[in-house]
Asks: 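Next up is a structure, given as structure tokens.
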Amino acid sequence: MIMDICPNCFSQHTMGIPGAPPMAAGGFQPGPGSGAPPGPRVCRICGYSEQKRKERALPAGFVLQNRYIVGRVLGMGGFGITYLGLDMQSGSRYAIKEYYPVEWAFRDTQGPFVHSSSDEKERYYQHGQELFLNEANLLSQLQDVPGVIGVCDFFRENNTSYMVMEFLEGYTLSGYLKTNHIQAFDLALANKVIYDVARSLYEVHKHMLLHRDVGPDNIMLLDQNEVRLIDFGATRMYALDVPNSMSVMIKAGFAPIEQYSRSGKAGPWSDLYALAATYYYMMSGKKPPAAPDRVMGQELVPLHTQNPAVPMQISNAISRAMNEDWQKRPRTAKAFLQDMGLLAQDAGWTSGNTGRANTWSTGGGGYMGTGGPRPRLRMLAGEKQQVFGFQEDQYLSIGRNREKSLVHIPEAEVSGMHCDIRFQPGQGLFWLRNYSGNMTYTS
């Protein structure tokens, strides 16, 4: 079924030629003698101008699973097409990713079905589809991991498969630099991004998984500076034993040398190399040299030399995380942040305190980001008080439960999970999320 809708706002029967009288549902106005419209149709509700659609894409208005309406194309890659989608049951908008390996498949000219392009490539196509569904299943199991793109549904249809994901409105890190016409990120924002992604990777690695494609195009910055790690396709493609599959995992300048070989010793340190290279790019505007070039002798110019605003401690930590020898890099995301000075050495991490469903309340404060004095937190519990240094962009969970709290306070007045506090860089605000039945008071 194909519905006559606007591919952007999903309003029905709103697409027409500007200034032309409506002819039929959809508002097409034929051109003189040609039977074709004289120009692109425009939505009379949102103003969206119809774009020329790639032949291999599903038509706008196509309905999947009798539930999801396909809208405009958000992006096309070598292994798939991503559309804007509308869930007719909930009214929510999603990104719908379709498995479509362009080198192995084609779509019917008369219908939506996708087929492998030859008998020889059928095995690759089917195996890739299974791994695509494995990726969807993997991401659906990582819903509680903060900062990882959410997947709410996946299914087979049209002889291919689909993944229904959280629709993100924002910029990739590379897009942020280009859109704002700047060479480097603000230091405080870059630190927040790297902290949030490292925390996500820490949880992903605990699931015995690697991302394998961390880079400025696979990290998104949303409103309120929320961060999402996207595209786990390289996790999927690692198992696909075909000659061109390595290209999915090799992003020159960001992939470590071990990812250039099937026998390379890959581990969390591989993702940390890529994360450090991403930070290097964020603060210099330049991609680091490709790993093979570095092995052949090309020097990695220290980040502090590229951008003197980067503290030496951070610059040195980035160089260590990008060491050509994996054994000389930090082994965990937590250790990497501690090396950068963004996480206290004695801090413990637990999952579940910084998910998407935050209910934070705002408070006052005087912290103005990197460069000023670090804020301190004074805790009063009964007659006792404790003072803690607060790392920039750090989420601080406080409670009596040692396993679930970064700050452990073994006092009867303190709840097992008492509260979470974080500072918002550059704006002099702190945020409190309270769990205590007797409330938590801040000043």
Side-chain angles (χ1 to χ4, degrees), residues 146-149 168 170-180 182-205 210-222 225-235 248-259 266-291 293-294 300-304 306-307 309-311 314-324 326 329-330 332-337 339-343 393:
V148 171
I149 188 171
L168 304 176
Y171 299 99
T172 63
L173 300 185
S174 53
Y176 181 87
L177 288 177
K178 293 174 184 176
T179 301
N180 291 283
I182 55 177
Q183 184 175 350
F185 275 66
D186 172 76
L187 181 62
L189 180 55
N191 287 348
K192 181 191 187 307
V193 169
I194 229 67
Y195 180 94
D196 288 353
V197 176
R199 178 141 193 178
S200 298
L201 287 173
Y202 183 79
E203 297 295 334
V204 169
H205 294 159
L210 302 177
H211 187 280
R212 299 186 64 83
D213 198 20
V214 174
D217 293 328
N218 285 337
I219 299 170
M220 288 197 67
L221 191 60
L222 315 181
N225 291 339
E226 281 191 79
V227 179
R228 290 288 189 276
L229 181 60
I230 65 173
D231 199 348
F232 281 68
T235 304
V248 179
M249 295 176 291
I250 300 307
K251 190 169 289 181
F254 301 95
I257 191 65
E258 62 266 22
Q259 285 185 212
W269 47 86
S270 306
D271 282 344
L272 297 179
Y273 180 105
L275 185 58
T278 299
Y279 189 92
Y280 190 101
Y281 171 82
M282 292 171 68
M283 294 308 299
S284 69
K286 302 175 182 177
K287 288 198 306 183
D293 294 334
R294 295 184 61 201
L300 177 68
V301 178
L303 183 54
H304 179 78
Q306 299 275 20
N307 183 348
V310 177
I314 290 181
S315 179
N316 292 337
I318 293 300
S319 295
R320 282 189 286 270
M322 294 184 67
N323 198 296
E324 297 161 49
W326 66 268
R329 302 178 207 150
T332 68
K334 176 181 172 183
F336 172 55
L337 288 184
D339 197 24
M340 291 182 72
L342 300 182
L343 184 69
D393 302 327

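Nothing fancy with the numbering, it's 1 onward along the sequence. Given the structure is predicted, the values throughout are model-derived calculations rather than measurements.
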Asks: Under 30°, 30 to 60°, or over 60°: which ring-plane class applies to Y171 and Y176, parallel, tilted or perpendicular?
Replies: perpendicular
Asks: Does the side chain of R228 come within less than 4.5 Å of D196's, by heavy atoms?
Replies: no
Asks: Rounded to the nearest 0.5 Å, what separates atom CG in L272 from atom NZ in K334?
Replies: 14.0 Å
Asks: I need the minimum non-hydrogen distance between V197 and V227, along with the two atoms involved.
Replies: CG2-CG1, 3.6 Å
Asks: Strictly distance-based, threshold 3.5 Å: is any side-chain N or O of R212 a donor or acceptor partner for the main-chain N or O of A266?
Replies: no
Asks: About how many Å separate CG of L337 and CZ of R199, when rounded to the nearest 0.5 Å?
Replies: 10.0 Å
Asks: If I compare all heavy atoms of Q259 with all of S270, which pair ends up nearest, and what's the gap?
Replies: OE1-CB, 3.8 Å
Asks: So do V214 and F254 actually touch side chain to side chain, heavy atoms under 4.5 Å?
Replies: no
Asks: What pair of heavy atoms forms the shortest contact from A184 to M283, and how long is it?
Replies: CB-O, 3.5 Å
Asks: Rounded to the nearest 0.5 Å, how far does CG of L275 lie from CG of L229?
Replies: 9.0 Å
Asks: Evaluate Y279 against N191 for side-chain hydrogen bond (donor to acceptor under 3.5 Å, both in side chains), listing each step before the verdict.
Replies: CA-CA 8 Å; Y279 189 92; N191 287 348; 2.7 Å; yes
Asks: Can you tell me how far apart NZ (K251) and CG (N218) are? Round to the nearest 0.5 Å.
Replies: 4.0 Å
Asks: Can you see which heavy atom on A317 is nearest to which on F336, and at what distance?
Replies: O-CE1, 4.3 Å
Asks: V204 versus H211: any side-chain heavy-atom pair under 4.5 Å?
Replies: no
Asks: Have a look at P311 and tell me which of N316, L187, L303 forms a side-chain contact (heavy atoms from CB on, under 4.5 Å) with it.
Replies: L187
Asks: Using 0.5 Å steps for rounding, measure from the OH atom of Y273 to the CD1 atom of I318.
Replies: 11.5 Å
Asks: Which residues pass the side chain to side chain contact (heavy atoms under 4.5 Å, CB included) test with T172, sequence neighbours left out?
Replies: S174, D217, M220
Asks: Check whether any side-chain heavy atom of K192 sits under 4.5 Å from a side-chain heavy atom of N225, and report yes or no.
Replies: yes
Asks: Quick one: pull up NE2 in H205 and OG1 in T332 and give me the separation to the nearest 0.5 Å.
Replies: 9.5 Å
Asks: Over all heavy atoms of both residues, which pair between P302 and Y280 is shortest? Give the atoms and the distance, please.
Replies: C-CE1, 4.4 Å
Asks: What's the shortest heavy-atom distance between G253 and A277, and which atoms?
Replies: O-CB, 3.5 Å
Asks: Is there a side-chain contact between L221 and F185 in this structure, where contact means two heavy atoms from C-beta onward sitting under 4.5 Å apart?
Replies: yes
